[in-house]
Structures are given as C-alpha cells and as structure tokens.
Visitor: 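Can you read through this structure? Questions will come right after.
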Amino acid sequence: MSHRQRELESIEQEFNLSKEKLQAITKTFVDDFNRGLSQYNEPMAMIPTFVTGPLPDGTEEGRVCEVHLHGDKTFTLRQQKYKVSDTLKTGEARDLFNYLADCVDAFLTNVSDQDLLGESDMKLGLTFSFPVEQTALNRGKILTWTKGFSAQNAVGHDVVQLLQEAFDRKHLHVECVALVNDVRMTTYTTPHYRFGTGTNGAYVERVSNIRKLANSPQDEEYMVVNTEWGAFDNERHVLPFTRFDSKLDRKSINPRLQAFEKFISGMYLGEITRNILLNLIDACPAVLFGGHSTRQLNTHYGFDTAIMSDIENAKTAKEIKEILFNNFGLEEGLISEEDTETVRWACKIVATRAAKLSATAVAAVLIQTDQVNNRGEDMIKIGVDGSLIQHYPGFEERLREALREIVGEEVEKRILIGLAKDGSGVGAALCALQATKSTTYY
Ligand code: GLC
C-alpha cells in the first residue's frame, strides 16, 4: 500500500460509521429526547412550542405579511432577502434588532403589495432560527446563540419584545404577534427536519410525555416540540469526533456547543473538508497538490459547502481542476489527476458521514413517536428542507442507506420524504394567523 493510500485509509476509517455505531447513536438520541422532555436546561432543549392540536390543515384563509394564503392549501409569497453583517451578528443586540426593523420597513415600502396594507397595525410572525424557550405563541427567551451569532444582551431576553421595541422606536405600525422557529412544522402534521446551514427537527409529541411542562394545556393531547437537536451530545458520549472535528470546534465561535450541528450542517461541512485537505497537504511527504496551498484554502471557512456539492457533481478531473482554480486559485499545474480524486474523496466521506448521522436523528423521532414498532402498511411522511437535502448529490440516498441499517428496510421503504420549501415564512404566517384567533398559554 502506498503512503498516500495509507494516509487516506486511516482518515476514512475515522469517518466510517458501522451499523452498530449508528444504532448506538440513535439510542442515545432517544434517551436525550426524553431527558429534554423531562427537565429544563438540558443541552437538547426539546422546546414546547405551544402549538397544539388541531393543527392547521392547510385550509385557513387570511393574509399575513407577505404570505397570501389562498385557502386551498396554496399560497403566494413575496420575499426579499437582507444580509446581516458579521458586525451586527456579534455586536449589540439593540443594533441587530434595529436593523431587523429597518428591513421590515424597507420591505413594506418597496416590496409589499400595497393593496394589502390596511389601516390597522400589520401583524407579523417572526421566524427566529435560534433556540428560544417559548412560553406563549408570542413570547420566548433566547437560550443561546448558534451558527456564528453572538450579539450581546440578547440571551435571556424575550426576542419578541426586543423586536417590538425596535419597531416602536422607529414608529413602525407593526405588531409582532407570533414567534416560530424555522423548523416548526411546515407540513402541519408530519415531523419536519432542516438540513441546511444549521440543523433541527420538530415533531408532534404527546403532551403527557412533555413531563417538564407544569402548566400544560389541559385539554390538548398533542403539541409540536422543537427538539433543537443541533445540541445533541454536547457532552461527547457517542458522536464520532475526529481530529478534524475537534479542530473545527476549538476554532469556532461556540466551542463545545452545537456538537451535532457541527457534524452535519452546511455551515461546517466545507470547513471539515478543508481541515482534511490541509492535513494531506502538510503530510510528510505531502499527498496533495505537491504540498502547496493557497491563501484562499488557508482561510478559515474558506471552503464553502456548495463547492463540495459541485465537486461531487463534476463528471471529469478537468471540471474539478477548474473548480479548484476558480475558487482557490490553485494553478492547474499543481493539481494531478490523483489530486482531483483525493479532493472528491474528501468531500464524499464528510458528506456521507453527515447524511448518515442525519439518519440517526430521523430514526430517533420515528422511535420516539412509536412508528418503528408499528409494522403497519401506512406510509410514514416526513417533511424536510434546507440546501443540503435539496441540492447535495446523493444526500437523501445516503441518509436512506443509514436508515435501513438503523430501523430496517421494511420501515425505511415506508418513509416518504417531502420537500417543504419556503417553510419558514409560511410557518410564521400560519402562526401569526393562529395568534389572532386562538388562546395562548402562559
Ligand atoms: C440552529 C438553531 C435552530 C434552527 C437551526 C436551523 O440549530 O439553533 O433553532 O432551527 O439552526 O436553522
């Protein structure tokens, strides 16, 4: 075996996940679900959303912000993206929320359908994609920041209040009436998972299982729970940490937090791959690019996960060379055919491990909701969204392969994976609508 093969093989072994390992991770996942359901302040927060049955069934009518629900399960969406700078992400919360209010203002002025704007205050549903301990449909304290945010004076504060105060400071006639996480059920009755920049899962739990709820809604049998599974195994009992993961974690904005998210989400996969490539460049003797690197390749988070997907999609070595030249300034002369294979291999092992670990989360929800023992014929529907599951080549197939190992082929065959695109906006709109017509619990 050549030196190169030995190097690659030893790394590949670290990334391999046996059937037993996948099953052990899934078991710990279910245990952690139950810990989070039993008490507060657990790493996996298992946040009750106070969204209870009857869940919206897709027939509601009404207009909320830019989402126009047609009442026949269809909707039209006007949207505009606004970029949040790193300075805002890490500065004072007040500045961040002022900026959010400015974005809403700009949206109402430039994008909104002016015919829909009435005399009264605009009701707004806020999708806030961070862990929030919700106490009512329009109330919730920020538990912690994730995904590169660390704005001061936000953790422990009510996020709706922070935004409302910003609206009021700017005399905007907007009232924030509902708060949702982006993972909240978008297909209403099926569990929903996000595999994108961050990762999360939500599902319908029996209220009686949410043991930590002192003031549970008496007559409700079910409630949507936002698991915040990105924080699964922060204690590092079962996740298969490699030196590449530890390096990523140590240099991240939130070391020892969001352990699971760092293994499987779009924000981090490119960085893990970059760590592997640098290791091979630095190996003695070098096994990649003849030991050469570039400024871009040496840059923290310089390897975007979207590039991994381009590389796995590439048909020829030439295409990979072009990608490496265009994105990292690697001269063609420095890249051998073998190097292109090595880069593709690195992307593949990182993405495959991510897809397989994603399957442990999905399987854990199926087990928790008793869908695995129930050997019926019915299809098991799950809703997913996020760029990885939508665009990464082979992600779903790799996820399914792992599901077969964890819950068996019979169950895997019954799983229908549906894309729930535009889920965040519509989820918030539905919640704002619900807020105007239902009771909230405190
Ligand atoms: C992070 C956030 C979570 C969100 C997920 C997907 O894990 O903590 O709230 O749902 O990213 O955006």
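For the numbers below, each heavy atom of this structure counts, side chains included, while hydrogens, waters and symmetry mates do not. Both ligands and their constituent atoms are indexed starting at 1 by order of listing.
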Visitor: Please verify the inter-ring angle class for Phe260 with Trp229; under 30° counts as parallel, over 60° as perpendicular, anything in between as tilted.
Guide: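 Rings of Phe260 and Trp229: perpendicular, as their planes differ by over 60°.
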Visitor: So, does Gln134 use its side chain to make a donor-acceptor pair with the main chain of Phe50 at under 3.5 Å?
Guide: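 A pair under 3.5 Å: no.
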Visitor: By side-chain hydrogen bond (donor to acceptor under 3.5 Å, both in side chains), which residues pair with Glu261, not counting sequence neighbours?
Guide: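 Glu261: side-chain hydrogen bond (donor to acceptor under 3.5 Å, both in side chains) contacts with Gln258.
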Visitor: Walk me through whether Asp105 and His171 qualify under side-chain contact (heavy atoms from CB on, under 4.5 Å).
Guide: CA-CA 10 Å; Asp105 193 8; His171 306 290; over 6 Å; no
Visitor: Using the ring-ring contact (aromatic ring centres under 6.0 Å, His included) rule, collect all pairs that involve residues 384-415, keeping only residues at least two apart or in two chains.
Guide: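 Counting only pairs at least two positions apart or across chains, no ring-ring contact (aromatic ring centres under 6.0 Å, His included) contact touches residues 384-415.
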Visitor: Who pairs with Phe149 by ring pair (Phe, Tyr, Trp, His ring centres under 6.0 Å), at least two apart in sequence or on another chain?
Guide: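 Listed in chain order: Phe130, Trp145.
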Visitor: Name the residues with a heavy atom less than 4.0 Å from ligand 1?
Guide: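 For ligand 1, the residues that come within the 4.0 Å heavy-atom cutoff are Ser129, Phe130, Pro131, Thr146, Lys147, Asn181, Asp182, Arg194, Gly198, Thr199, Asn200, Glu228, Gln258, Glu261.
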